[in-house]
**Q** 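First the structure, then my questions, so here it is.
Chain A is the first sequence line, chain B the second, and so forth, proteins listed ahead of strands; every chain is numbered from 1.
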2 protein chains.
Amino acid sequence: MEKQEHTFLSPNTVEESARIFKALADPTRIKILYLLSQEECSVGHITEVLNMTQSAVSHQLGLLRNLRLVKYRRDGNTFYYTYDDEHVITILNQVISHIECK
Amino acid sequence: MEKQEHTFLSPNTVEESARIFKALADPTRIKILYLLSQEECSVGHITEVLNMTQSAVSHQLGLLRNLRLVKYRRDGNTFYYTYDDEHVITILNQVISHIECK
DNA sequence: AATGTATATGAACATATGCTCATATACATT
DNA sequence: AATGTATATGAGCATATGTTCATATACATT
């Protein structure tokens, strides 16, 4: 039996992929990103909609910010978040569609 | 400012999405699934290619099996694994392409 | 039957993760 | 300046995760 040729992933590609999937591998972050995929949201609004503590939401937003998946603008005391990675939103929506179409 | 209408995700959709993303949120599993996306592989082959212990690989395969992302056939003492969720492979490849095209 | 081979599995352990609680920060209002 | 408001941040904690080590399992070979 002949050995087939393979493509190998570079370590960097593997790590980067894992980082993206890790970002999406949590119910809270999925809900946040799904909300932001529909409209700009303040932290307070997200907190209300998800029915979570302000701190928990803010920590997750910080994480998404570090990964450059979201960005924000400030208006007085209010911080408005939007998504910042179109491709990740696309992937999220694809997975959601896949599940809902079952 | 008028409130916009939103779509909400059902708890089940959120949980299912998180489960899929969690499955992909680990370098070892990404490498295994990428290998399997190219060809059927025995456990021993995966172990060699990834340069990991047999046990570590087997544990991860068990996890992927539980999630119905891979299946296997037996031939004597050798277990040959293949992927079992086309859609998850598609998602994986999309993320990989996205990263490599940067 | 005894030994060898390939893989699975359970326990243990170190690290990562996601939350809470308390507090800091920065701007707004009085 | 003092107080209020919205958000960020650090410490601590419980749980989840990924690996190793030892061993079990199931089939093959002698």
**Q** Given that both distances must come in under 3.5 Å, which nucleotide forms a Watson-Crick or G-U wobble pair with D:dT29?
**A** C:dA2
**Q** For D:dT5, does either OP1 or OP2 sit under 4.0 Å from a side-chain N or O belonging to A:Thr78?
**A** no
**Q** Quick check, does B:His59 stack with C:dT9? I mean ring centres under 5.5 Å and planes off by under 30°.
**A** yes
**Q** Check if the side chain of B:Ser55 and the base of D:dC21 share a donor-acceptor pair of N or O atoms closer than 3.5 Å.
**A** yes
**Q** Could you give the CG-to-C1' distance, from B:Leu61 to C:dT9, as a whole number of Å?
**A** 13 Å
**Q** Could one point to a donor on the side chain of A:Gln54 or the base of D:dA8 with an acceptor on the other under 3.5 Å away?
**A** yes
**Q** Report the distance from atom CG of B:Leu63 to atom P of C:dT7, rounded to the nearest whole Å.
**A** 19 Å
**Q** Check every strand shown and say whether A:Thr53 touches a base, only sugar-phosphate, or nothing at a heavy-atom separation below 4.0 Å.
**A** sugar-phosphate
**Q** Specify the closest pair of heavy atoms between B:Ile99 and A:Thr13, including all atoms of both residues, with the distance to one decimal.
**A** CD1-O, 4.1 Å
**Q** Can you see which heavy atom on B:Gln60 is nearest to which on B:Ile32, and at what distance?
**A** CB-CD1, 3.9 Å
**Q** How close do B:Pro27 and A:Glu15 get, counting heavy atoms only, and between which atoms?
**A** CG-OE2, 3.7 Å
**Q** Considering every strand shown, what is the Watson-Crick or G-U wobble mate of C:dA11 when both distances are under 3.5 Å?
**A** D:dT20
**Q** With a non-hydrogen cut-off below 4.0 angstrom, is A:Tyr81 in contact with a base, only sugar-phosphate, or nothing?
**A** sugar-phosphate
**Q** Compare every heavy atom of A:Lys71 with every heavy atom of A:Asp84, then report the nearest pair and how far apart it is.
**A** OD1-CD, 3.5 Å
**Q** With no hydrogens and no angle check, just 3.5 Å: does a side-chain donor-acceptor pair link B:Arg73 and B:Tyr81?
**A** no
**Q** Using a 4.0 Å heavy-atom cut-off across all strands, classify B:Gly44 as base, sugar-phosphate, or nothing.
**A** sugar-phosphate
**Q** Rounded to the Å, how far apart are B:Leu50 CG and C:dT7 P?
**A** 13 Å
**Q** Only one of B:Val70, B:Leu63, B:Leu67, B:Leu92 forms a side-chain contact (heavy atoms from CB on, under 4.5 Å) with B:Arg29, so which one is it?
**A** B:Leu63
**Q** Rounded to whole angstrom units, what separation is found between the NZ atom of A:Lys71 and the C1' atom of D:dA8?
**A** 21 Å
**Q** Rounded to whole Å, please give me the gap between NZ in A:Lys22 and P in D:dA16.
**A** 17 Å
**Q** Separation of A:Met52 atom CE from D:dA8 atom P, in whole Å?
**A** 14 Å
**Q** Given C:dA6, D:dA8, D:dT17, which nucleotide is nearest the side-chain atoms of B:Asn77?
**A** C:dA6
**Q** Would you say D:dT17 has OP1 or OP2 under 4.0 Å from some side-chain N or O of B:Arg29?
**A** no
**Q** Mind calculating the distance between CG (A:Asp75) and C1' (C:dA28) to the nearest angstrom?
**A** 11 Å
**Q** Figure out the CD/P separation between B:Gln60 and D:dA16, and round it to whole Å.
**A** 17 Å
**Q** Sort out the partner of D:dT9 for me: Watson-Crick or G-U wobble, both distances under 3.5 Å, none otherwise.
**A** C:dA22
**Q** At under 4.0 Å between heavy atoms, what does A:Ser58 touch on the DNA or RNA strands: base, sugar-phosphate, or nothing?
**A** base
**Q** I want to confirm an ordering. Mapping A:Arg74 and B:Ala56 to their closest nucleotides on DNA chain C, which one lands closer to the 5' end?
**A** B:Ala56
